[in-house]
Protein chains: 2
Amino acid sequence: MEMKKNTAKVQIKQIADKLGVSSGTVSIVLNGRGDQMRISKMTQKRIQDMAKEMNYQPNIYARRLRKSAEEEAPYIIAIFWREEYLDDLLARFLKGLYHAIKNNDLNIELVLQPYDFGNLEKHHRFINSNHFNGAIVGGISNEDQQYLEQNEFDIPIVLIGRSTKKYNSVLIDYYDAGTNCANLFSMRNHKIVGLIGLSTKGKSVQLIELAFKETCKEKNILIDTNCISYCEERNFTSGYESAMKVLTNEKKPTAIFVMDGRNAFGVLKACKTVGLTVPKDIEILVFGENEYFSYSEPTITTIQQPMEQFAERSLNMILMSIKNKADNPMIQELSPIFNFRESCGGFIL
Amino acid sequence: MEMKKNTAKVQIKQIADKLGVSSGTVSIVLNGRGDQMRISKMTQKRIQDMAKEMNYQPNIYARRLRKSAEEEAPYIIAIFWREEYLDDLLARFLKGLYHAIKNNDLNIELVLQPYDFGNLEKHHRFINSNHFNGAIVGGISNEDQQYLEQNEFDIPIVLIGRSTKKYNSVLIDYYDAGTNCANLFSMRNHKIVGLIGLSTKGKSVQLIELAFKETCKEKNILIDTNCISYCEERNFTSGYESAMKVLTNEKKPTAIFVMDGRNAFGVLKACKTVGLTVPKDIEILVFGENEYFSYSEPTITTIQQPMEQFAERSLNMILMSIKNKADNPMIQELSPIFNFRESCGGFIL
DNA sequence: CTGAAAGCGCTTACAG
DNA sequence: CTGAAAGCGCTTACAG
């Protein structure tokens, strides 16, 4: 049997050939216009059966192309999103996108493309104008970033939470955020503090961490090496275990900076376990937001990225970039939001 | 100026015509193969400039179609998802889909289509084989369901959490779930119970509520009308307010069934406000799951839908349905999961 | 250095 | 009742 160049998929033409009818007839029948076009019942049946037998699947692209004279083609935007962040972070982002699309009555199709941290390049063949009009990329690792830097893409790309020379980005000033966290601890007179970090982290988390440490040093706040612990995973258990290490250190911290919201409740639990009351004995500050932080006991002080705004701005940026083919990458720096709650008081003025 | 039939969008042909070159040349230059094909720098520049000026956007469908001989077209699956459920419920569902796609090495493109509760029909022109190979629909209202029942669609549709005669569905037995919740309260010897419901609810929530009420009656458990309150919104505040109404009733309930997880912490807070300790004075059972329910104080007993399984099964169903064009709708009934935690003990055997 | 033609898979007037 | 042809927008051999 000879291999024809077309793929394994069955086309209308093949059905038509097998049945000795024209492809127009097949198309009409398969679209339910057989009666209307007065195709004989007999022919209709044969076509239906053959289509089923050959497992015919219409090519959506061909159909959409056919329609593109009547129906304006939407912009197709891919959202490449790190698998671990398929949580309320993504949900808030999607909500932001949906509202922006709806409020501005945009003709956009959102294609969701989760990827594994550090493996963005596995999607290489999709990140181009043969597949999408633009791409939003969230949660990249340093390797992913390197991959992006070292390649050329012919569609606008907006990075969420990463700054690069080459691409558009929407972010907060992570270094500044880290500095502010340390400043907060300084103004609240903490002398020994702890840090619960993440073992797999992107550039932005690294920046916060760096800034936090440097500023602590400047302000004469001690972060003992044993007061630093990195979570393997973004969950309660990992947060708990990391915090236990920090809390059982000789030099007891009076405040802890938790770098991922998903670890926060574990840290709180650890405090309780070793008999420390938050915030009386120890203050907790968390990077990352969750609706439950407003209702826990104690409620949790956070510094958060404005995801809904991120969504709106990144969509805007993609569209502007598509339209102008602007060459210089745009950068939108938004302000992080401090939510002062019970677990850590605010700045002392 | 005459209106041509093609849309406002600019095509390669128009650029070519304006410049007096062929569309092939334009295509080559725009795809960065100008040097390779030894198109004069001059021509390249003119083409680039004109494309920018005319704001040219390639038609993705045409490109994908062009490639479809080399590259197998993916199945395009739309996920119609109720806007209010763009939260961790969707996140868990997407995670499930991603893992199923990855583990089975499927060639599928996921298009996310949020919709407003009760307004699914606004997307009517997209729910067909001109746009997608199949659709997953989550969170429909009764009106949405009616809309679906009363129309014909030529692509397989899987409903999440709804059973109908006409469509595939993946769900749990909601009536049974409601019955079990009431049974649990009965076995734990509650005589007066409360219900915190939802004001905008789909069929499944209605079924749970109905079953819960009926079974309570059967088991001689009183649900005073004043012990029933419906939340306008799925959040803390709404849960708190509804619970306050129920808790200040004359006939004090000793257990409350909360029908949406997003209201749960508000209910807990209300208990605290009126001086009731959970579970000593009052037990709380929640429909809906969240990771924080395992860590709150008290931890919260829930009955949950297995979203990850929902995702996997629905994807499977769509694919089977696409392939077999199976006529009879398939129904996958999965078991809900009871998570017994502190807020309400388990069945007494 | 560039143009004309074929073809991706489909649907829809049009002709008979 | 059905077929042949045109065309959706694009890219790529092929020819010159």
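Each chain gets a letter, A, B and so on, in the order its sequence line appears, and its residues count up from 1.
- A sub-4.0 Å separation between OP1 or OP2 of C:dC8 and a side-chain N or O of A:N59 is absent.
- Counting non-hydrogen atoms under 4.0 angstrom, A:S27 reaches a base of the nucleic acid.
- For A:S22, no side-chain nitrogen or oxygen approaches OP1 or OP2 of D:dT2 to under 4.0 Å.
- Across the protein-nucleic acid pair, A:R64 atom CZ and C:dG9 atom C1' stand 15 Å apart, rounded to whole Å.
- A cation-pi geometry, defined here as NZ or CZ lying under 6.0 Å from the six-membered ring centre and within 45° of its normal, holds between A:R64 and B:F132.
- Within a 6.0 Å sphere centred on CD of A:Q150, other residues, nucleotides and ligands contribute more than 12 heavy atoms.
- A heavy-atom distance below 4.5 Å is found between the side chains of B:V10 and B:I15.
- Nucleic acid contact class of B:K67 (heavy atoms, under 4.0 Å, all strands): sugar-phosphate only.
- Although no hydrogens or angles enter the test, the distance criterion places no donor-acceptor pair under 3.5 Å between the side chain of A:N168 and the main chain of A:P329.
- A straight line from CD1 of A:I47 to C1' of C:dT11 spans 14 Å, rounded to a whole angstrom.
- Rounded to a whole Å, the CD1 atom of A:I12 is 10 Å from the P atom of C:dT12.
- Straight-line distance from the CD1 atom of B:I39 to the C1' atom of D:dT11: 13 Å, rounded to whole Å.
- Contacts of A:G34 with the nucleic acid, taken as non-hydrogen atoms under 4.0 Å apart, are absent.
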Audit row: A:I77, A:V111, side-chain contact (heavy atoms from CB on, under 4.5 Å) steps and yes/no: CA-CA 6 Å; A:I77 311 251; A:V111 175; over 6 Å; no
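- Judged purely by atom type and a 3.5 angstrom limit, A:R82 has no side-chain atom pairing as donor or acceptor with the backbone of A:G138.
- For C:dC10, one of the phosphate oxygens OP1 or OP2 lies less than 4.0 angstrom from a side-chain nitrogen or oxygen of A:Y56.
- Using a 4.0 Å cut-off, some side-chain N or O of A:T43 falls inside it from OP1 or OP2 of D:dT2.
- Side-chain proximity of A:S40 to the nucleotides D:dG3, D:dC1, C:dC10 is greatest for D:dC1.
- Remark: the backbone N or O of A:L148 is paired with a side-chain donor or acceptor of A:Y167 at under 3.5 angstrom.
- Nucleotide C:dA13 has no partner under the Watson-Crick or G-U criteria, as no pair reaches both atom distances under 3.5 Å.
- Following rounding to the nearest Å, A:Q11 (CD) and C:dT11 (C1') show an atom-to-atom distance of 15 Å.
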Protein-nucleotides 13-16 of chain C N/O pairs closer than 3.5 Å?
none

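- Remark on DNA chain D: of its neighbouring residues A:S23 and B:T25, the 5'-side contact belongs to A:S23, judged by nearest-heavy-atom nucleotide.
- Comparing B:R38 and B:L65, the nucleotide of DNA chain C nearest to each residue sits closer to the 5' end for B:R38.
- One atom, CD of B:Q57, and another, P of D:dC10, lie 10 Å apart when rounded to the nearest Å.
- Within the structure, a side-chain polar atom (N or O) of A:R63 is placed less than 4.0 Å from OP1 or OP2 of C:dT11.
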